[in-house]
Amino acid sequence: MSGAGMSLELLGDSFQPGLCAEDLFGPIQVEPYKTELREIASVFSSDLVDDFFGTYEAQARVKTVTAARELLVKGAREYVYLQAKCNLLEKVQLTTTMAKFFYRNRRQIKHHRLISAPFEIPKGLNQTPLEKFSPTQQAFRDKLLDIKSIAAIPEDIENLFNLMADLKTSSSTKFFSFHYLVFKVFGHCCSEEEAIKFWHSFEVMRQSKTVENVNELLAKIQTKDFAEMTISDSVTQKGV
């Protein structure tokens, strides 16, 4: 494949002009998972629970790149704050609930990530050297290959890890592309059990960064004014 990027259509997805995720797949289902989170003592009375699920409900209704990106960053920050409130055992319970929530609503969430991502997914090297990945990233890759449904899609895994290896904190485009590819791969899980295994493995890798690291990244992306949105106007004109 020539060129600097990879078309989303070649990745198996395409935009539906004028339609949001809720139009295509129905509203996000939140109540069972909100109830589960309320069973975690550290977040039982926190407004963050309602805020987080409210953000995901809003994500399912957006049709523009700008709104989709703003809500993705907002939801990511709320997720980080929820985790920061939990002790180690509570984080396991939180991650399990989130995995079930994401699996139940995987089509809506992936469609939102598709809107927020650029048309062209930046590609890293065709063959990323293993040593370019951190030990936690290598462990995540190994865990993915242990999931039967995901091991069957080596090209999608390659796309995800090529981008991960080239992910820079200064690149908002790659940040949104990465989140789209995560949910593209996650969407191949064929059971809640596989989804839970995926998300626990992803969180082990992601939590190797501190809350301060993650918040710094989110702040940089947000203050860039979503600068690398060269496709924003054309997408809006198409009604997305």
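The figures here come from the full heavy-atom set of this structure, side chains too, leaving out hydrogens, waters and symmetry mates. Heads up: numbering here begins at 1 and tracks the sequence.
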Going by side chain to side chain donor-acceptor pair (under 3.5 Å), name the residues that satisfy it together with Y79, two or more places apart in sequence or in a different chain. W199, E203
Apply side chain to side chain contact (heavy atoms under 4.5 Å, CB included) to the pair R106 and K184, showing each step before the final yes or no. CA-CA 9 Å; R106 60 196 180 280; K184 180 174 176 61; over 6 Å; no
Hey, are the side chains of L114 and F183 touching, using non-hydrogen atoms and a 4.5 Å cut-off? no
Nearest heavy-atom contact between A195 and A99 is O-CB, 3.7 Å
Give a yes or no on whether the backbone of V185 and the side-chain of D156 come within a donor-acceptor separation of less than 3.5 Å. no
Side chains of H200 and V92: does their closest heavy-atom pair fall under 4.5 Å? yes
Counting C-beta onward and ignoring hydrogens, is there a side-chain heavy-atom pair between V62 and H112 closer than 4.5 Å? yes
I need the F175 CZ to S116 OG distance, nearest 0.5 Å. 8.5 Å
Tell me every residue that passes salt bridge (Lys or Arg N to Asp or Glu O under 4.0 Å) with R61, counting only those two or more places apart in sequence or in another chain. E22
Under 6.0 Å from the ring centre and within 45 degrees of the ring axis: does the NZ or CZ of R141 meet both conditions for the six-membered ring of F161? yes
Counterpart residues, side chain to side chain donor-acceptor pair (under 3.5 Å), relative to E57 (two or more places apart): none
Is there side-chain contact between Y103 and C189, with at least one heavy-atom pair below 4.5 Å? yes
Across all chains, not counting sequence neighbours, the side chain to side chain donor-acceptor pair (under 3.5 Å) partners of S191 are none
Enter the distance from F25:CZ to C20:SG here, rounded to the nearest 0.5 Å. 10.5 Å
Roughly how far apart are K91 NZ and I40 CD1, rounded to 0.5 Å? 12.0 Å
At what distance, to the nearest 0.5 angstrom, does OG1 of T55 lie from CD1 of I28? 11.5 Å
If we only count heavy atoms from C-beta on, is the Y180 to I115 side-chain gap below 4.5 Å? no
Using the test side-chain contact (heavy atoms from CB on, under 4.5 Å), find all partners of K85 that sit at least two apart in sequence or belong to another chain. V43, S46, L48
Which residues satisfy the side chain to side chain donor-acceptor pair (under 3.5 Å) test with H179, sequence neighbours excluded? none
Any heavy-atom pair between the side chains of L181 and R113 that's under 4.5 Å? no
Do F202 and I147 share a hydrophobic cluster (ILVMFWY, side-chain heavy atoms under 4.5 Å, transitive)? yes
Do the non-hydrogen side-chain atoms of K74 and R69 ever get within less than 4.5 Å of each other? no
When rounded to the nearest 0.5 Å, the distance separating NZ of K143 from NZ of K197 is 6.5 Å
Nearest heavy-atom contact between L94 and C86 is CD2-SG, 4.3 Å
Those residues at least two apart in sequence (or on a different chain) that pass side-chain contact (heavy atoms from CB on, under 4.5 Å) with A58 are L71
Residue pairs involving residues 24-45 (criterion salt bridge (charged side-chain N to carboxylate O under 4.0 Å, His left out); sequence neighbours excluded): E31-K34, K34-D50, E36-K100, R38-D50
Atom pair CD/CG of Q93 and N87 - distance to nearest 0.5 Å: 9.5 Å
Side-chain heavy-atom pair Y81, D51 within 4.5 angstrom cut-off: no
State which residues pass side-chain contact (heavy atoms from CB on, under 4.5 Å) with A21; sequence neighbours excluded, sorted by chain then number. A60, Q108, H111
Set of salt bridge (Lys or Arg N to Asp or Glu O under 4.0 Å) partners for E90, sequence neighbours left out: none
Please say yes or no: joined through hydrophobic side-chain contacts below 4.5 Å, possibly via intermediate residues, are V30 and I196 part of one cluster? no
Contacts satisfying ring-ring contact (aromatic ring centres under 6.0 Å, His included) that involve residues 53-75 (not counting sequence neighbours) are F52-Y56, F53-F101, Y56-F101, Y56-F102
